[in-house]
Amino acid sequence: MNVWPLQFRKIGENDLLFSDDSGSFFRSDDLFLDRYIQGALTHEDAEFLAYNGQAFETDGDFAFSGFASRWAKRINTAGDLSYFILVPTLRCNLMCDYCQVSRAAENASGFDWDRDTLEQVINLLDKQKANQVKVEFQGGEPLLRLDLLDAIRNFCRSRFEAAEFVVCTNLQTVSEEAWQFLEAPDTHVSTSFDGTSKFHLKQRTKTTTVQRQFEANLDVALTRLGVDRVSALPTIDPSDCPDPAAVIHAFAARSLTSIYLRRINYQGFARKKYGFDSALVDWRQYYRRFIAALIEYNTTADVPMEEYYLTHILRRILQSGHNNHVDLRNPNWLGKDLLVIDFNGQLYPTDEARMVSRIGKIDLSIGSLEDGIDANRVATLNSNVSNFDDPDCVHCAYKAYCGLDPIDDLSRYGRVDLPRHQTDHCKSHLDLFDYAFSLLYSADPTVQKSLAIWIGVPNYNPKIAPRTL
Amino acid sequence: MIDLQLKVDPFPIVEPLVIRLQTVQASRFPAASENDAMLVYHDENIADFDVGGFSLRVHTTDAQSLDGDVVLVTPGRNTLHRLIRASSRHNTLLITEQCDQKCIMCSQPPKKHHTDLFDYFLQAVLLAPAQTTIGLSGGEPLLHKARLFEFLEKAQSARPDIRFHILTNGQHFDKRDRTSLSALNMRSILWGVPIYAANAAAHDQIVVKAGAHKTLQKNLAILGTCGAVLELRTVLLNSNVLHLEDLANHITKHQSFASVWAIMQLENIGYARMNWDREFYDSSFSFVDVAKAIDLATGRGMETLLYNFPLCSVPSEYRRFCVASISDWKQKYLSTCDGCSLRSTCTGFFEWYSENKGFKGIVAQ
Ligand code: SF4
Ligand code: SF4
C-alpha cells in the first residue's frame with residue numbers, strides 16, 4: 001500500500017491533525033505519527049487510511065484516481081474575465097474614519113468618469129468572451145452617478161446572457177430615482193453597517209441625524225428590495241469593538257442572516273500607529289467570542305445566522321470548488337477573472353490593489369483603459385500566486401484549504417517572498433483554520449447544530465471529521 | 001397510467017417502420033420528412049394517419065395526445081410502440097434485455113434473446129423534439145457497446161441538441177473504450193451507474209455477480225478520467241441500509257468526480273416484487289441511516305438526491321433532497337393523497353405499488 005504524503009499540526013492538547021494535498025484529513029496522536037515516520041503502520045492504520053482515501057494500491061487504481069480527482073477539483077483555474085468592479089466616481093457624501101484615501105469630497109471635480117471613459121468601459125465589456133457578467137459598483141459613493149450606473153447596466157443586460165449587479169453604497173442619501181434603480185431583480189445592495197447604531201455613528205455617520213437617515217434607508221432597502229438582495233457588512237475595530245450579542249441582535253432584528261465581520265484595515269500611517277500584532281491578538285479573541293455568541297444564538301433562533309468568512313473556511317475544508325473569494329483561493333490568479341476599473345481609467349487586479357495604490361506606496365495597477373492591460377505586469381503579479389511550491393506552505397496541514405494573498409503581502413510588506421509565518425495573511429488564516437477544526441471536532445451539540453447550518457446539511461454527522469482514535 | 005403501446009390494424013410493411021405522428025397542420029414539427037404521418041381522420045376510438053399513401057389505423061381515444069410522437073410499427077404485429085412521446089420528459093429506449101447481473105431488485109429481469117434495434121432507434125432520435133433527453137436502458141446496453149458507441153456518435157453528430165441518459169451496470173468498460181468515449185460529446189451524456197455498498201461482498205450479493213464490485217470500481221475510474229457526467233444510483237434495501245453511511249464516505253473519497261448520488265426507493269416490479277418482503281426498507285418508519293448518509297455526502301459537497309421517496313415518508317428537513325422521479329406513465333397517487341398540500345411536488349407511487357405491503361407512514365400534509 002502507498003500512503004499519500006501527510007502533513008500534520010498539533011490541535012487540542014494531545015492530538016494531531018493530519019492532512020494530504022487532496023484535503024482529506026483526520027485526527028490522531030503522536031503514536032500514529034511515530035508509526036508513520038518509521039514506516040511501521042499497522043494493519044488497522046492501513047485500513048483507516050484506505051477508508052479515508054489517503055492510500056492506494058497501484059498507480060492508476062480507483063483509489064488513485066479518486067485522490068487525483070479530489071486534488072484537481074480544489075484547483076482554482078483561471079477563468080474568463082467576467083467580474084468587474086467599477087468605480088464611476090471617487091466622490092462621497094460621508095467621511096468614515098478608515099476611508100480618507102479612497103474618497104474625494106462630494107463637490108470635488110475631476111474624480112468621475114467622463115463620457116470618453118464610459119465609452120471605453122463599455123467597449124471593454126463588449127470585448128469579453130464570457131456570456132455572463134457580474135458588475136460591482138464601488139466608490140466613492142456610486143449612487144452619486146446614477147446616470148453612469150444606468151448606462152452600464154443597460155449595456156450589460158443587452159450584451160450578456162446573464163448579468164448581475166451589486167451597488168456598494170453607504171445608503172446615506174437615496175433619491176426616489178435611485179430606489180427605483182435598486183429595485184430591479186438583477187441588482188443587489190451591499191452596504192456597511194458597523195454592527196450597532198452606536199458604533200456606526202462613532203465610526204461613520206458622526207451625528208445622530210445622519211445616523212437616523214442611514215438606518216431609515218437601510219430599513220427601506222430591506223422592505224423594498226427584500227432581505228435576499230441586501231447585505232450589510234460590519235467593520236470592526238479590535239481595540240474598541242461592539243458586544244457580539246448586540247451585533248447579532250441588530251442584524252436579526254432586520255432579518256439579515258449573514259454577518260461578514262471585517263477587521264478594520266488601516267492603511268499607511270494608521271497601520272503603524274495602531275500596532276498590527278496586538279490588533280491581531282485582540283481580533284482573534286473578539287472573533288472567537290463572536291462565534292461563540294452566534295452558536296448560542298443559533299441554538300434557539302427560528303432563523304439561524306452565519307459569519308460569512310467562517311462558513312467559507314468550513315466549506316473550503318470539507319468541499320471543493322469554493323473559489324469565489326479573492327482573499328482565499330489557490331492559485332489566486334490576478335488580473336484574470338476579475339478586473340477593477342478606477343475613476344481615472346486605471347486598471348487593478350483587486351479592489352485592495354486599488355486602495356494600496358492610492359496611498360502611493362506601491363503601484364499595483366495593471367494598465368489603463370487607454371493602453372489596455374499590461375501583460376508584463378500581470379505576469380509579474382502572477383509569479384507567486386500559488387501555495388503549491390511555497391517553501392513554508394508545502395509543510396502546512398492547511399495547504400489544501402488555504403491560498404496566497406500576494407496583494408495583501410505587497411500592501412503590508414512591499415514584497416511577496418517573506419517567510420509565510422511572518423505574514424498577516426498566514427497568521428490570521430492559521431488561526432482561523434485551527435479554530436475551524438476545533439469546531440469540526442467538537443462534541444458539543446450546540447456547536448454541531450451551527451456547523452450543520454453553516455455547512456448546509458440538515459444535521460451534523462461527526463464522521464465528516466474522522467479520527468483514528 | 002399512460003399507454004406506451006397502442007393497438008393498430010394490420011399494416012402492409014415488410015420492414016419495421018419509424019414514423020412521427022402529426023395531428024395538427026403546420027404543427028411545431030415540419031412535415032417535410034418521409035417519416036411524417038399526418039392525421040387524416042379520427043373519432044372517439046380511432047385515428048387514421050397517412051403513411052406514404054397508406055392509412056395506418058391507431059386505436060386511441062385521444063388522437064391529439066399523439067402529436068409529435070415517434071413510433072415504431074413492426075410487420076405482422078398489431079401494436080405500435082411509442083418510442084418517443086413528444087409531451088413527456090420520460091422517454092427511454094430499451095437497448096437490450098440481456099444482462100450479466102441478476103440484481104435482486106431488478107425491475108426489468110434479463111432475458112436471453114436480443115434483437116438489434118439500433119438503426120430504428122437512430123431514426124427515432126433524429127425525429128425527436130428539440131432538446132429532448134432520451135434514456136437508454138436495458139438489460140445492460142453496454143453488452144452491445146460497439147453498436148451503442150456507433151449509435152451515439154451518429155446521433156450526436158446529427159442531433160447535437162439531444163441529451164442521453166444511459167443506465168449501465170458499469171461492468172463492461174475497459175481502457176480501450178477511452179477512444180470511443182472521447183469521440184463522444186461527454187457533456188451531453190449522463191451515465192447512471194448503480195453502486196450498492198462500499199463493502200464488496202455486500203455489493204456483489206445484491207447484484208448476484210462475484211467480482212462485480214471490483215470491476216465497477218475500476219470502470220468508474222475509467223468513466224471519471226474520460227470526463228463522464230456521472231449519476232451514481234443506490235437502491236435502498238434491507239441488504240444495504242446499514243452500509244449507506246460507509247457508501248457515502250466511499251463515494252465522496254473515490255468517486256468525487258460524480259455529479260450526483262441518487263438514493264432510490266424500491267420499485268415493486270420484476271425481481272423486486274419477488275423479493276419485496278425481504279428487501280423493502282420502510283424509510284417512513286426509520287430514516288436515520290439515510291439521513292446520516294445524506295449529511296455526510298452533502299457535507300462533503302456531493303449533490304445527493306432521493307428518487308421515488310413520497311414526500312411524507314421523509315422527515316421535513318430532508319424533503320428538499322426529494323425529486324419527483326417516477327416517470328409520468330407509471331406514476332400514481334393514493335386516496336390519502338387527495339387534498340395533500342404537497343401533492344404537486346411529490347413523486348407519488350409506482351403504478352404497481354401495493355399499499356398494504358408498503359410504507360406505514362403515508363399521511364396527507
Ligand atoms: S499561508 Fe500559512 S496557513 Fe496558508 S498554507 Fe501557507 S503556511 Fe499554511
Ligand atoms: S400524502 Fe401522497 S401526495 Fe402527500 S406527500 Fe404523501 S405520498 Fe405525497
Side-chain angles (χ1 to χ4, degrees), chain A residues 4 20 22-26 47-74 304 311-312 314-323 400-401 439-440 448-449 451-466, chain B residues 170 173 175 178 195 198-200 213-228 230 232 244-259 287-304 306 314-322:
Chain A
W4 293 101
D20 63 31
S22 79
S24 282
F25 63 89
F26 62 92
E47 264 188 357
F48 174 83
L49 290 168
Y51 171 88
N52 211 31
Q54 303 191 281
F56 63 99
E57 291 298 334
T58 54
D59 196 337
D61 68 8
F62 75 91
F64 185 100
S65 53
F67 181 93
S69 156
R70 275 180 282 123
W71 180 80
K73 282 173 76 172
R74 282 189 179 266
T311 298
H312 186 64
L314 287 165
R315 291 187 183 208
R316 274 189 68 88
I317 290 172
L318 298 172
Q319 309 165 0
S320 58
H322 296 283
N323 294 323
Y401 327 117
L439 295 175
L440 288 169
Q448 296 189 349
K449 183 170 184 193
L451 284 174
I453 294 155
W454 299 335
I455 295 165
V457 294
N459 289 291
Y460 186 71
N461 183 339
K463 287 221 169 120
I464 210 163
Chain B
F173 294 97
K175 288 198 174 128
R178 291 217 164 103
I195 178 168
N199 178 292
H213 188 266
K214 194 166 175 221
T215 309
L216 179 63
Q217 299 309 309
K218 171 180 79 66
N219 289 351
L220 286 173
I222 292 178
L223 279 172
T225 47
C226 289
L230 188 65
L232 292 167
L244 221 52
E245 191 182 27
D246 269 354
L247 182 56
N249 176 70
H250 180 94
I251 286 171
T252 54
K253 292 297 177 184
H254 302 309
Q255 279 97 32
S256 71
F257 43 82
S259 301
F287 195 77
V288 184
D289 296 293
V290 183
K292 281 189 198 156
I294 294 178
D295 290 328
L296 186 56
T298 313
R300 288 201 179 134
M302 174 64 63
E303 185 181 4
T304 305
L306 295 172
V314 172
S316 57
E317 50 187 350
Y318 289 90
R319 287 183 189 158
R320 65 181 162 101
F321 299 99
C322 293

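By convention in this document, chain letters (A, B, ...) are assigned in the order of the sequence lines, proteins followed by strands, and residues within each chain are numbered from 1. None of these values were measured; they are calculated from a predicted model.
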List the atom of [X], the atom of [Y], and the distance in Å for their closest heavy-atom pair.
{"X": "A:Gly456", "Y": "B:Thr298", "value": "O-CG2, 4.1 Å"}
{"X": "A:Gln319", "Y": "B:Gly301", "value": "CG-N, 3.6 Å"}
{"X": "B:Ala221", "Y": "A:Phe62", "value": "CB-CA, 4.2 Å"}
{"X": "B:Asp295", "Y": "A:Pro458", "value": "OD1-CD, 3.3 Å"}
{"X": "A:Gly66", "Y": "B:Ser256", "value": "O-OG, 4.2 Å"}
{"X": "A:Val457", "Y": "B:Gly299", "value": "CG1-N, 3.4 Å"}

Do you know which of A:Ile455, A:Leu318, A:Asn459 has the most heavy-atom pairs with chain B at a distance under 4.5 angstrom? A:Asn459
At what distance, to the nearest 0.5 angstrom, does NE2 of B:His254 lie from OG of A:Ser69? 11.5 Å
To the nearest 0.5 Å, what is the distance between CZ on A:Arg315 and CZ on B:Arg300? 16.0 Å
Among B:Asn219, B:Ile294, B:Asn249, B:Ile222, which residue forms the greatest number of heavy-atom pairs with chain A at distances under 4.5 Å? B:Asn249
So which residue, B:Gln217, B:Lys218, B:Lys253, ends up with the most heavy-atom pairs under 4.5 Å with chain A? B:Lys253
Per-residue contact mode, B:Leu220 against chain A (heavy atom under 4.5 angstrom): neither
With a 4.5 angstrom heavy-atom cut-off, which part of B:Thr252 approaches chain A: side chain, backbone, both or neither? backbone
Tell me, for [X] versus chain B, whether the close heavy atoms (under 4.5 Å) come from the side chain, the backbone, both or neither.
{"X": "A:Pro466", "result": "side chain"}
{"X": "A:Phe64", "result": "neither"}
{"X": "A:Ile464", "result": "both"}

Does A:Lys463 have any salt bridge (Lys or Arg N to Asp or Glu O under 4.0 Å) partners at least two apart in sequence or in another chain, and if so, which? B:Glu245
Count the heavy atoms belonging to other residues, nucleotides or ligands that lie under 6.0 Å from CH2 of A:Trp71, then report whether that count exceeds 12. no
